[in-house]
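Counting convention: from 1, in listed order, for ligands and their atoms alike. Just so you know, these numbers use all the heavy atoms, side chains as well, and skip hydrogens, waters and symmetry mates. Keep in mind it's a predicted model, so treat the numbers as computed, not measured.
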Amino acid sequence: MSTNPKRYTITAALPYTNGPIHIGHLAGVYVPADIYARYQRLTGNDVAFVCGSDEHGVPITIKAKKEGVSPQDVVDKYHAIIKKSFEDFGITFDNYSRTSAQIHHETASDFFLELYKKGEFIEEVTEQLYDEEAKQFLADRFVIGTCPKCGNEEAYGDQCEKCGTSHNATDLINPKSAITGNAPTLKETKHWFLPLDKHEDFLKEWILKGHKKDWKPNVYGQVKSWIDDGLRPRAVTRDLDWGIPVPVEGGEGKVLYVWFDAPIGYISATKEWAEREGKDWEPYWKDENTKLVHFIGKDNIVFHCIIFPSMLKAEGSYILPDNVPANEFLNLEGNKLSTSKNWAVWLPEYLEDFPDKQDVLRYALTANAPETKDNDFTWKDFQARNNNELVAIFGNFINRVVVLTNKYYNGIIPEPSDYSQVDEETLAAVKAYPDVIASSIERYRFREASQELMNLARLGNKYLADEEPWKVIKEDEARTKTIMFVALQIASALATISEPFLPFTSSKLKSILNVSSSGVEMSWEDISTKDILLPAGHQIGKAELLFNKIEDKDIQAQLDKLEASKKANEAANKAAEPQKEEITFDDFTKLDLRVGTIIEAEKMPKAKKLLVLKVDTGIDTRTIVSGIAESFTAEEVIGKRVTVLVNLAPRKLRGVESEGMILMTESPEGKLVFVNPDANQDVANGLQIS
Ligand SMILES: [Zn+2]
């Protein structure tokens, strides 16, 4: 690939359509991909940025079964939700397609046929895991067992999520059917295999030799370890009825493996886009002067660096990715993001809680991106990024510039006089930023790039604070004009440079500076090359706040939400105690349970857990010592209706005789709860409970 590509094909991992997307997806794949695509377009490059919903595979069929709907219902629902989230967060796909689309079925089917005709598959009758009760072959997520590599007992049939290893279902130790829980049997079936071992030499040459320097160490390292372990043939078909039918003889009742068809989705999405735009799709996938970049999370490395390239190579007419800048995982408040445990920040929910704050999340996720290692998203960091950087630096600078320009000059950019040395240095520094940020973006260091953007805002903020036009105006009007002119140039640079990172803010700022419609909108390169970005005499608009402070209570509300998820999980995980040994009815009638009322209560001195209660049992008023002081104060329980076991043999607790027991249970958080008669019913003390 030449150093100056003619065009860019940028792909972002196809989201799997069995749920909405959360901040982990955004941080790991879509925000960096969008920054990259927006930046390439800003510099005038020809870009096809494509993605789409991944709608085949076993998990969707499992979800559909559980919900009693069809797989198509499942994917229709989540395709719409996911597509809207991308639009809401300003992810500028040129095309967001879906793998259930006709054009994709044709493209994937043709791709398979082409490899088939070329003899690139091994056709083999093998024994596969089979669930006798469900009458179904088990592959991928239909089977769970112990990972042969790391010992994780919950590994799936196609991949272990713990160590990232990809394997065949028959490799699992102690496999179990995810449908019935039964141990599967082995049954013969015919499948087509991609002989990855055959492509080992090519992969060694292309990646291990060719991309040692420019691929991220985490990606290179994973790929190397797989290749070093030795590659084996992988089945690319499945016994399943949801997916793309295998288009050759003997393929009846079988579909393409979801990981075979999904990456071809990038090609279909490009075709669909080209058709719509009246362009030729082929150069975007077949011309050596095209730079192909796959943005993915680390769990997809094997598919994008080994399996898909082997498919492309085997087909023969396609280019290979120039880079696969996979990110590591984002954690949330110290714990792994989890859909099933609802430990996540879902994008639709975020927008409900923080309307119009898409850029704040984009920025916080980029500034803390899991580029080289797993990283933690915390709400406190999110708040600090907003309040201390976006509000206090970027927003504050722009607000001052716009307010003062309106106040002093009715919003018309003043004519500068001679620059001071500080002015010269400041303007020269501004000109250097596009290259610095571009270099970070070209090396997929988006985190670093976002911090350089903030440094540009910092430069403006410092310039104004040092030059103090609000003081200078009292004695030197000409100097004030120059200061404001320089500050306005920095504001204009920020409007352009911030676009890939903070697109909503950039657009608002361009509208405030009135550059979009008046022919003074700058390209990325203009910031470095032009001496004047906003000319004297140009009219700008009124000030509008770009960012607002996020209050502690809003952050606390998010932390409370997570805490509630944690509690709900703990409650769900808390297994009920097994039933005790059977008793006779006579045994039961030995218990004398009565309705009572607590009429007095006080804390037992020097005992953390004990309250001394006087209880009206209907028979008498008696003393009961109860271990509830950690859940209730004495005042709280006076007047409570309770259930009392009255014929329990008295016993002394800390010198006080306790005559009976009050029945209690416990909430998931460990707080005690009274088992009491329905408060609305008028039941007298002393009534027996039977
Ligand atoms: Zn494993």
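Any protein N/O/S atom under 2.8 Å from the Zn ion (ligand 1) was counted, giving 4 altogether.
Side-chain atoms of Tyr36 and Pro500, non-hydrogen and from C-beta on, never get closer than 4.5 Å to each other.
Scored by the side chain to side chain donor-acceptor pair (under 3.5 Å) test, Trp285 finds Thr270 as partners (sequence neighbours excluded). With sequence neighbours excluded, no residue satisfies side chain to side chain donor-acceptor pair (under 3.5 Å) with Glu127.
In this structure, Lys313 fails the cation-pi test against Tyr318, since its NZ or CZ atom is not both closer than 6.0 Å to the six-membered ring centre and inside 45 degrees of the ring normal. For Lys298 and Phe329, the positive end sits near the middle of the six-membered ring, less than 6.0 Å away and at most 45° from its axis.
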Show me, pair by pair, the donor-acceptor contacts under 3.5 angstrom made by side chains of residues 178-187, not counting sequence neighbours?
residue: Thr180; atom: OG1; partner: Asp131; partner atom: OD2; Å: 2.6
residue: Thr180; atom: OG1; partner: Asn182; partner atom: N; Å: 3.2
residue: Thr180; atom: OG1; partner: Asn182; partner atom: ND2; Å: 3.2
residue: Asn182; atom: ND2; partner: Glu133; partner atom: OE1; Å: 2.8
residue: Thr185; atom: OG1; partner: Tyr130; partner atom: O; Å: 3.3
residue: Thr185; atom: OG1; partner: Glu132; partner atom: OE2; Å: 2.8

